Each structure stands twice: as C-alpha cells, then as structure tokens.
There are 2 protein chains.
Amino acid sequence: MRARDGASLQERIVALIHERGLVPGAPMPTEVQLMELLGASRNSVREAVQALRALGIVEIRHGHGTFVGHASLDVLTPSLAFRVRSGPGGGIRALHDLVEVRELLETELIGQVAQSTSGPRLAALDALVNGMDRDREADRAFHALLYESCGNELVLQLIGLFWDVYHEVEPTLGPPEERTAEIVVNHRRIVAALRARDPGAAREAMRLHFRDVKARIARAEARPVPTPT
Amino acid sequence: MRARDGASLQERIVALIHERGLVPGAPMPTEVQLMELLGASRNSVREAVQALRALGIVEIRHGHGTFVGHASLDVLTPSLAFRVRSGPGGGIRALHDLVEVRELLETELIGQVAQSTSGPRLAALDALVNGMDRDREADRAFHALLYESCGNELVLQLIGLFWDVYHEVEPTLGPPEERTAEIVVNHRRIVAALRARDPGAAREAMRLHFRDVKARIARAEARPVPTPT
DNA sequence: TCGCATTTGTTCGTATGTATG
DNA sequence: CCATACATACGAACAAATGCG
C-alpha cells in the first residue's frame, strides 16, 4: 500500500474505501491508522480527508470519528454557486444557463410522469401550491415531489442542487420581486395538466413557468450592476 | 475580519474572494497572508484551501502560488464516481440513473439543435463517427460538439461530466462488449436526423442510442457480481 | 549556469476540545 | 467525575518546486 506513490493521498484513501468494501455510514480508519496505512504525516492525512469531506465522500464527527459519506450532490452547492457568481457580468449569464438546465430536465421529466401521477400525490401538490406564498421551501418541495415517482435519486438531487444554487444567488440580482400570484398560477397550471394526464400540456406549463423565471433574470440584466461591496 | 467566527475557514476564504472581486485566474493571497488575514495557523489555512481545491474553487501550483479556479464541473468526477460505485448492488442502479439523466438532457437538447446544425458541423460530426472505432474519445467529442451551438457552457460540462463518470465506472461492469458496429449505426442515425432537420427523428435516434447503453447495463445486472478484489 | 528568494508540500511535537462509557 | 479515544488547532522546522537576476 505504501508502495505505489503515483496517486495522491486523496485518491489512495478513496481506493482504500473501495478495497475494504466500506459502504456509506461505515467508520473510516482513524487519523492515526490512516497515517500508518498511507505512510504520511497527520497533517497530510488531514488535508486529504478535508478534501474528501468537501466532496461529500467522508463525513467527520468531531470527537467521534470519520465515516464514509453518501456523496450527496448538495455538498456541491458551494462549488456551483461560486461558479455562477464568478461568471462574466456578475454571473447573470451563468445563472441563465443554470435555469435553462433546470428547464431542460424538468420539461422532459414532467412529460414522463404526466400520465402516472396518482391522486394523493396531486392533492399533496395542491397543498404545496397553497402554501407557496407563506413558505419559501414549498416551491422546492413541489418540484421534488413532482418527480419522486421516477425513482431516479440522481435526478432528484440534481434538481434540488440547482434549486439551492439559484435561490442562493438570486438575491444578488437586486430587490426581490414579489410576484407570488404569477408563481402560484404557473404551478397550478402544471398540476392541472397532470390531473388531465396530458404530457404535452404539462410540458407547455413547465415552459411557461421557466419563461417567467428567465424573464426575472433578463430584467436584472438590464438593470445597472449592483455594486459588490 | 478576524472577528466573525461563525463561518468556517473555507467559507471565509470564499467570501474573501468575492469581497476582493477576484476573478478566475487571479492570484490568491499566499498562505502566510491568509494566516494573518484569517487569524489562523498555517495548517488550518491549508486544510481549508485543500478543500477549496477539491471543489475547483482554487488552483494550486507548487512553488508558484494559489490562484482562483474556474470551478469546472469535472473536478466533481471523483465525487460522482464514488457515489455511483458505492450505490446498492455495486452501483448498477446508480449507473442506470446516471445514464438516464444523460438521456433526459440529450434528448431534449437534440430536439433544440436539430434545425440549426450547420453544414460544417455536420461534416465534423461525420468525421468523429468515422473515428469512433479507433479513438475512444471521439464519442465524448461527438456529444460535446452536438450541443456546442446552444451556448450553454453549464450543460456542456454536465454532459462531459456524466460521460467521464460513466466511462470510469463502466469497466467494472465486466468484460468489455465490443459492439462498435451498433454504436456507429446509432450515431449515424443521429447525424442523419440532424441533416434532415427533423427534431422528432433526432429525439428518437437519441433514445435508440441510450436504449443500447441501458441494455448493456441491464446485461451486467443479470450477470453475477464481479468480486471486488 | 548558478544562486537566491518566494511559495507550496511535508513532517514532528504538543496542547486543547469533544463525545463515549 | 473520570478515563479513553478521537478530532481540532497551533507553531516550528525542513524539503521541494518555481521564477528571477
């Protein structure tokens, strides 16, 4: 193990996880054990482990130990948010691209689930729409619930990730535009299309929803750039 | 700056980048400068910086300095690859989900570019298909070139990321199945649909392409799990 | 070509905070 | 309250890579 030194410590620790068949939640070797396993000092081991923590590959619990992580996509929020913010023109363009990817995914997905969304789920979606003016998170839950029946955990996390990044960057666009009425109408239209089991209408409703989101970005683009303190 | 200690060093460094308006490629403060700016020891600073490096937020050049990174999505390859591999059942299910997301994105995108792909681009695509039996990377370049005209850098990187992760994990499925003929036929069908400027046919051709990819995964699922050393 | 300064990479020793039994 | 195990943090020193005069 100490022999092959082409790989970085970070990569060697990942290889070690796979070799031992460690599954998410399993305890990692302690720092001292990693030191002797990898033939490296404590600080080098810690730097590698911190990098893996940033990637969600391990989880660290202070005073308790280090454990194999689930590599959930939400750990990538800082990276994506940084990417968007540091884009040209204050990141307006990057934000537009981000929303467009959400639109791509969700228009395609909504067409797939349009004919198979159950009655109880429709009722739950209705409830979320009703709470949208009060609860900010209702929108996030709405979009997650829409595609839950796909059984594709990755796409759910991707959509959640993009939602998080958008709502982290969006406040920098300027003063919040409260257009709750528009938003609610757009979401009701989506649910109505699902209830009618009409994939084409569902896709169209989704496009209209994102048309408004992109319009908000376009308005911010036209406005003078807010001075970044 | 030294005052507020609610945020982690990692977050404070990111905040510092934004406060100073540092753009990708710009030089970061040296480790010693970060020490005094953040009021932390060198080791602590290094651990935070290494985490940011893993996320692609900074780039480190030994003996030269640390620079603001581009947060390109390909740094997320280890995280996604780990996630797929550590999924239940050797990650077959997670791999299926991954390919399905690619399919979602690419079927939607191909419909968008079907009517606007220029002649020279079509010729370049033809050339890539012809080289696919020899050059493994030709497939990656093909899918990247398809959507280049969208002008959405994020979606290009996402598709590249998924391609990389798939081809990193795929060899663990078992012995390579060389079905170059099938692959070439599928890609030719896509180019033909673009040449005919037929979005519906393009989407269908893309579906057929991914149908074969998913079939390969399904065959691997039926096979006994290869013992992980 | 050489030597020097700068910067990151690695290691050691030590002390402190935290969770568990 | 104590003891143990673990992660966190700090300071100092030396090694290695890069750039420059």
Side-chain angles (χ1 to χ4, degrees), chain A residues 1-17 20 22-71 75 78, chain B residues 1-17 20 22-71 75 78:
Chain A
M1 172 69 77
R2 167 182 270 127
R4 52 173 173 24
D5 272 357
S8 66
L9 269 190
Q10 181 180 325
E11 291 166 340
R12 289 172 64 194
I13 294 177
V14 173
L16 186 144
I17 294 175
R20 299 198 170 184
L22 297 180
V23 297
M28 290 281 295
T30 68
E31 290 182 349
V32 181
Q33 288 172 324
L34 283 177
M35 287 171 59
E36 39 204 37
L37 278 170
L38 304 173
S41 75
R42 173 159 231 138
N43 279 322
S44 298
V45 167
R46 281 183 59 81
E47 285 174 11
V49 170
Q50 289 293 326
L52 294 177
R53 176 194 57 77
L55 293 174
I57 293 178
V58 304
E59 283 178 6
I60 305 177
R61 271 174 272 177
H62 188 153
H64 190 196
T66 306
F67 302 83
V68 179
H70 295 78
V75 303
Chain B
M1 172 68 76
R2 168 180 272 134
R4 50 163 168 38
D5 274 355
S8 66
L9 270 189
Q10 180 182 325
E11 290 166 340
R12 290 171 64 194
I13 294 176
V14 173
L16 185 144
I17 293 176
R20 299 198 170 186
L22 297 181
V23 297
M28 291 279 295
T30 68
E31 292 180 347
V32 180
Q33 287 173 326
L34 283 177
M35 286 171 59
E36 38 204 37
L37 279 170
L38 305 171
S41 74
R42 178 147 178 242
N43 283 327
S44 299
V45 168
R46 281 184 57 82
E47 285 176 15
V49 170
Q50 289 293 327
L52 295 178
R53 176 193 55 79
L55 293 174
I57 293 178
V58 303
E59 281 178 8
I60 306 177
R61 270 174 275 178
H62 187 166
H64 191 194
T66 307
F67 301 83
V68 179
H70 298 263
V75 303

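Every chain is numbered from 1 and lettered A, B, ... according to where its sequence line falls, protein lines coming before strand lines. Not measured: the values here are computed from a predicted model.
Side-chain atoms of A:Q33 come within 3.5 Å of backbone N or O of A:T30 as a donor-acceptor pair. A side-chain donor-acceptor contact under 3.5 Å links A:E11 to the backbone of A:S8.
Between A:V58 and A:V68 the shortest side-chain heavy-atom distance does not fall below 4.5 Å. At least one side-chain heavy atom of B:I17 sits under 4.5 Å from a side-chain heavy atom of B:M28.
Taking only distance into account, the side chain of B:N43 meets the base of D:dG11 through a donor-acceptor pair shorter than 3.5 Å.
The phosphate of C:dT8 has OP1 or OP2 within less than 4.0 Å of a side-chain N or O from B:T66.
Using a 4.0 Å cut-off between charged nitrogen and carboxylate oxygen, B:E59 and B:R53 do not count as a salt-bridge pair.
Comparing D:dA7, D:dC10, C:dT8 by their closest approach to the side chain of B:S41 singles out D:dC10.
The shortest non-hydrogen separation linking A:G69 to A:P24 is O-CB, 3.4 Å. Nearest heavy-atom pair across B:V45 and B:L9 is N-CD1, 4.0 Å.
For the pair A:E59 CD and D:dT8 P, the computed distance is 13 Å after rounding to whole Å. Remark: P of D:dC6 and CG of A:L34 are 12 Å apart, rounded to the nearest angstrom. The separation between A:L38 atom CG and C:dT10 atom P is 12 Å, rounded to whole Å. Atom-to-atom, CD of A:E31 to P of D:dT4 comes out at 20 Å; the value is rounded to the nearest Å.
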Any protein N or O atoms within reach of nucleotides 13-17 of chain D? Criterion: under 3.5 Å, listing atom names and distances.
unit_1 : atom_1 : unit_2 : atom_2 : d
D:dA13 : N6     : B:R42  : NH1    : 3.4
D:dA16 : N3     : B:H62  : NE2    : 3.4

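Using a 4.0 Å cut-off on heavy atoms, the residues of residues 44-52 of chain B that approach DNA chain C are B:R46, B:Q50, listed by number.
Residues satisfying the side-chain hydrogen bond (donor to acceptor under 3.5 Å, both in side chains) test with A:T66, not counting sequence neighbours, are none.
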